[in-house]
Amino acid sequence: VTPLFINLHCTDSKHYFKNQVKVGLFGSGVGLSVVLGFSAAYACYYLLSVAKKPILIAGGKKFHQFLRDKCPVVSETYYPTFWCWESRVQTLLRPFVTTKPWVNYRNELISAPDGGQISLDWFDNDDSASHPDQATCPTVLLLPGLTGTSRESYILHMVQQSRDLGYRCVVFNNRGVSGEKLLTPRTYCAANTEDLEVVIEHVQRTIDKAPLMAAGVSMGGMMLANYLGRKGSEVHLKGVVVFSAGWDVFEGTASLEKPLDRFLFNSYLTSCLQASVDRHRIILEKKYDIDHVMKAKTIREFDERFTSIMFGYPSNDDYYRDASPIHKIKSVQVPMLCLNAADDVFSPNHAFPVEAVKQNPNVALLITCHGGHIGFLEGLWPRQSTYMDRVFRQFTSAVFENASSLDGLH
């Protein structure tokens with residue numbers, strides 16, 4: 001065989017195989033058919049099993065009808081982002097995918113009875129066209145999650161929604177999380193609502209002519225629900241909306257200790273809590289064994305070594321029992337809408353307070369099939385508002401603009 005023949009043969013082979021790859025993959029239609037078939041099957045599955053209308057459970061017909069009339073989002077099909085509708089993916093992606101609108105806050109430090117200080121971030125909305133009188137401008141108190149501050153994306157989006165509606169906002173930052181110094185060896189927990197009471201009283205004194213409602217996210221929602229349950233008729237908020245609250249701390253903790261969820265969420269949140277403690281080590285180590293706290297591997301261990309001790313509970317189980325809002329739903333006497341996703345690993349759906357809600361005409365529970373924990377992403381590329389943001393906007397507007405419709409719920 002001559003070298004020329006070998007060269008020609010190799011050249012022809014390359015040309016042959018190059019064309020075969022092209023034809024075999026798409027030119028023949030086999031590859032394209034597979035892709036189209038998979039896409040069609042995925043679309044059918046998504047439309048039949050993923051995109052669903054939320055379930056609305058309300059204890060009274062009046063509140064139920066109010067929500068359907070004034071908050072149409074509660075009756076609309078929720079279409080999670082089709083490429084990331086799974087619970088954990090939604091939970092993990094939201095902080096990175098959604099935008100962080102710029103908000104210019106006015107910070108205020110107020111004193112607590114024990115000598116500590118609490119940081120409030122105000123968005124005054126001085127340019128409100130619909131409510132130009134600052135004295136009467138409707139105001140929303142916002143409570144972030146476990147280690148959250150006024151700079152979390154979900155808080156910034158709620159401030160943005162409020163701004164568009166012409167309302168003012170004030171964010172309650174838990175002690176020691178937003179850069180301020182701890183003046184006393186005390187932080188915060190879901191069960192203790194003393195700081196929240198101080199904040200609400202202060203805000204109401206400051207804007208005594210303005211209607212006030214509140215919104216809480218995750219642990220912020222738990223704290224808010226616990227506050228409402230304890231205070232009963234003493235609460236003078238116009239309404240409350242709670243997102244992704246953990247209703248039973250025992251069940252939520254157990255869920256987060258499953259291997260995958262412990263790896264994805266529990267360890268990270270524990271390290272965030274420890275970082276906050278270490279930041280204030282100088283004052284906290286006067287009363288607590290911080291080195292022991294820093295060795296905790298889970299949230300439960302952290303609470304056993306720090307939180308339950310700080311707030312004087314005989315055991316961590318006593319703390320978890322007191323921190324679980326499910327036991328206080330029956331005492332809530334303010335219109336409260338609660339949004340939870342059935343696939344939230346932080347708050348398992350079997351622990352939702354369905355029966356308690358059915359017995360209280362002031363409370364409604366909105367359950368989506370998907371959404372994760374503070375996820376609720378929707379749209380092809382969910383950079384802007386989420387389903388949760390739409391619920392917040394519509395309910396907030398409904399409460400402030402149609403307050404008389406909520407009179408006499410009970």
Side-chain angles (χ1 to χ4, degrees), residues 59 63 112 118-121 138-150 152 154-155 158-159 162 167 169-175 177 187-204 211-249 252 311 319-320 322-340 344 346-347 351-353 356-357 360 362-366 373-374 388 391-392 395-396 399-400 406 409:
F63 195 22
I118 304 168
S119 175
L120 301 179
D121 282 321
T139 303
V140 188
L141 173 64
L142 302 175
L143 283 70
L146 183 62
T147 58
T149 70
S150 59
E152 303 304 320
Y154 56 82
I155 293 292
M158 286 194 280
V159 173
S162 301
Y167 305 149
C169 287
V170 54
V171 185
F172 164 34
N173 298 293
N174 287 303
R175 293 196 200 192
V177 300
T187 55
Y188 59 92
C189 75
N192 189 284
T193 59
E194 292 172 355
D195 282 358
L196 177 57
E197 291 179 39
V198 170
V199 168
I200 290 177
E201 289 172 6
H202 171 77
V203 171
Q204 289 178 326
L212 177 67
M213 68 171 289
V217 181
S218 190
M219 194 209 72
M222 295 165 64
M223 185 186 293
L224 193 50
N226 283 328
Y227 165 77
L228 296 179
R230 288 200 180 103
K231 303 297 285 186
S233 60
E234 296 178 37
V235 178
H236 300 295
L237 299 171
K238 296 297 182 183
V240 167
V241 59
V242 168
F243 302 106
S244 297
W247 296 105
D248 188 318
V249 182
F311 290 94
Y319 163 50
Y320 277 6
D322 197 29
S324 301
I326 193 170
H327 305 301
K328 304 178 187 70
I329 288 290
K330 61 182 180 182
S331 302
V332 173
Q333 296 191 39
V334 171
M336 179 169 74
L337 173 63
C338 312
L339 173 65
N340 281 91
D344 185 351
F346 286 70
S347 184
F352 289 172
V357 168
N360 189 333
N362 299 292
V363 183
L365 179 61
L366 186 65
H373 188 70
I374 326 175
M388 169 178 147
V391 171
F392 170 81
F395 184 70
T396 302
V399 168
F400 283 139
L406 291 171
L409 283 183

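Across every non-hydrogen atom of A351 and D248, the tightest pair is CB-CB, 3.9 Å. Looking at every heavy atom in both residues, Y154 comes nearest to G148 through OH-CA, 4.2 Å. In terms of heavy atoms, G145 sits closest to N174 at O-ND2, 4.4 Å. Between P144 and S150 the shortest heavy-atom distance is CG-N, 4.5 Å. Annotation for A245 and G221: closest pair CB-C, 4.4 Å, computed over non-hydrogen atoms. In this structure, F63 and N362 approach most closely via the heavy-atom pair CE2-O, 3.3 Å.
Between F172 and I118 there is a side-chain heavy-atom pair separated by less than 4.5 Å. Taking the side chain as every heavy atom from C-beta outward, K328 and D322 approach each other to under 4.5 Å. In this structure, the side chains of W247 and I329 come closer than 4.5 Å at one or more pairs of heavy atoms. Between M222 and V249, some side-chain heavy-atom pair lies under the 4.5 Å cut-off. Between V140 and F400 the shortest side-chain heavy-atom distance falls below 4.5 Å. In this structure, F392 and F243 have side chains that are in contact, with non-hydrogen atoms separated by less than 4.5 Å. Within the 4.5 Å cutoff, no side-chain heavy atoms of V217 are placed close to those of E152. Between V399 and P335 the shortest side-chain heavy-atom distance does not fall below 4.5 Å.
Atoms OH and SG, from Y319 and C189 in turn, are 4.5 Å apart once rounded to the nearest 0.5 Å. Put simply, CD on E234 and CD1 on I200 are 11.5 Å apart, with the number rounded to the nearest 0.5 Å. From H202, atom NE2 reaches atom CG of D195 across 13.0 Å, with rounding to the nearest 0.5 Å. Here the CD-NE2 distance, from E201 to H236, works out to 9.5 Å after rounding to the nearest 0.5 Å. Note that CG of L143 and CE of M223 are 6.5 Å apart. Values are rounded to the nearest 0.5 Å. Atom CG of residue L366 and atom CE of residue M388 lie 12.5 Å apart, to the nearest 0.5 angstrom.
When each of V171, T396, L142 is paired with M158, the side-chain contact (heavy atoms from CB on, under 4.5 Å) condition holds for L142 and for no other.
No side-chain donor-acceptor contact under 3.5 Å links N226 to the backbone of T193. A donor-acceptor distance shorter than 3.5 angstrom exists from the side chain of N360 to the backbone of V332, with no hydrogens or angles considered.
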Evaluate the side-chain contact (heavy atoms from CB on, under 4.5 Å) criterion for residues V235 and Q333: first the C-alpha distance (whole Å), next the side-chain angles of each, then the deciding distance (0.1 Å), finally the verdict. CA-CA 8 Å; V235 178; Q333 296 191 39; over 6 Å; no
side-chain contact (heavy atoms from CB on, under 4.5 Å) between T147 and V177, worked out: CA-CA 7 Å; T147 58; V177 300; 5.8 Å; no
For S244 and D344: C-alpha separation, side-chain torsions, deciding distance, then whether side-chain contact (heavy atoms from CB on, under 4.5 Å) applies. CA-CA 8 Å; S244 297; D344 185 351; 4.0 Å; yes
